[in-house]
Asks: 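My questions all concern the structure below.
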Amino acid sequence: MSRATEEFFAALPARAPAVLRAPVAGTLQIDLLTDDHTDHWLVRISPGRAVVERASGPADAVWSSSADLFERLVTGRAQGVSAVLRNESTFSGNVMLFLVFRQFFPAPPGVRDPRETAREQTGRA
């Protein structure tokens with residue numbers, strides 16, 4: 001398991017109040033595959049709250065990904081929806097949990113908010 005992935009999961013509870021504003025609740029199991037080994041993470045999501053544990057169990061949704069792809073996601077070098085659409089990862093269950101969870105992932109390096117760019121071009125602060 002990469003350090004970036006470990007740090008990502010460790011930071012979820014503290015980041016949850018700012019990220020989880022939608023009225024969505026449930027448990028997402030994330031399975032990260034490396035060769036013949038799978039690491040399991042359970043993330044219990046509710047508005048403003050995320051509880052993370054390194055375990056498998058009953059879940060409303062399951063997302064499976066290679067550990068390498070997940071590291072790219074947590075570092076902003078890949079996008080979750082694109083990975084699922086390209087069959088680089090799989091998802092089953094309550095899709096709202098996936099859509100809410102992906103908000104934890106950072107934007108790609110160098111990406112800027114277009115509103116900020118427009119303000120700079122027009123000279124508005």
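Residues take their numbers from the sequence shown, with the count starting at 1. These figures come from a predicted structure and were not determined experimentally.
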Asks: Could you tell me which non-hydrogen atom of D31 sits nearest to which non-hydrogen atom of H40, and how far apart they are?
Replies: OD1-ND1, 2.6 Å

Asks: Looking at S66 and L32, what are the two nearest heavy atoms and their distance?
Replies: O-CD2, 4.4 Å

Asks: Using the rule that Ile, Leu, Val, Met, Phe, Trp and Tyr join whenever any side-chain heavy atoms are under 4.5 Å apart, tell me whether W63 and V51 fall into a single cluster.
Replies: no

Asks: Could you state the interatomic distance from CD1 (I30) to CZ (F8), rounded to the nearest 0.5 Å?
Replies: 7.0 Å

Asks: How close do P23 and P47 get, heavy atom to heavy atom, and via which atoms?
Replies: CA-CG, 3.9 Å

Asks: Would you give the length of the straight line joining atom CZ of F98 to atom OG of S92, rounded to the nearest 0.5 angstrom?
Replies: 12.0 Å

Asks: Could you tell me which non-hydrogen atom of S46 sits nearest to which non-hydrogen atom of L20, and how far apart they are?
Replies: O-CD1, 3.7 Å

Asks: Once the angle between the rings of F105 and F70 is folded into 0 to 90°, is it parallel (under 30°), tilted (30 to 60°) or perpendicular (over 60°)?
Replies: perpendicular

Asks: Check whether any side-chain heavy atom of R54 sits under 4.5 Å from a side-chain heavy atom of E6, and report yes or no.
Replies: yes

Asks: Do E53 and R44 have side-chain heavy atoms sitting under 4.5 Å apart?
Replies: yes

Asks: Taking atom types as modelled and ignoring hydrogens, do the side chains of D35 and H37 form a donor-acceptor contact shorter than 3.5 angstrom?
Replies: no

Asks: Using the rule that Ile, Leu, Val, Met, Phe, Trp and Tyr join whenever any side-chain heavy atoms are under 4.5 Å apart, tell me whether V43 and L33 fall into a single cluster.
Replies: no

Asks: Is the CZ atom of R86 crowded by more than 12 outside heavy atoms at less than 6.0 Å?
Replies: yes

Asks: Report yes if the side chains of F91 and V62 come closer than 4.5 Å at any heavy-atom pair, otherwise no.
Replies: no

Asks: Rounded at 0.5 Å granularity, tell me how far CE in M96 sits from CG in D60.
Replies: 13.0 Å

Asks: State, to 0.1 Å, how close S89 and L69 come at their nearest heavy-atom pair, and which atoms those are.
Replies: CB-CD2, 3.9 Å

Asks: For atom CZ of R72, decide whether the heavy atoms of other residues, nucleotides or ligands shown that lie under 6.0 angstrom number more than 12.
Replies: yes

Asks: Return yes when atom CZ of R15 has more than 12 non-hydrogen atoms of other residues, nucleotides or ligands closer than 6.0 Å, and no otherwise.
Replies: yes

Asks: Please find the pair of heavy atoms, one from L42 and one from Q29, that lie closest to each other, and give the distance.
Replies: CD2-CB, 3.7 Å

Asks: Once rounded to the nearest 0.5 Å, what's the spacing between atom OG1 of T34 and atom CD of E71?
Replies: 10.0 Å

Asks: Give a yes or no on whether R77 atom CZ has more than 12 heavy-atom contacts from other residues, nucleotides or ligands under 6.0 Å away.
Replies: yes

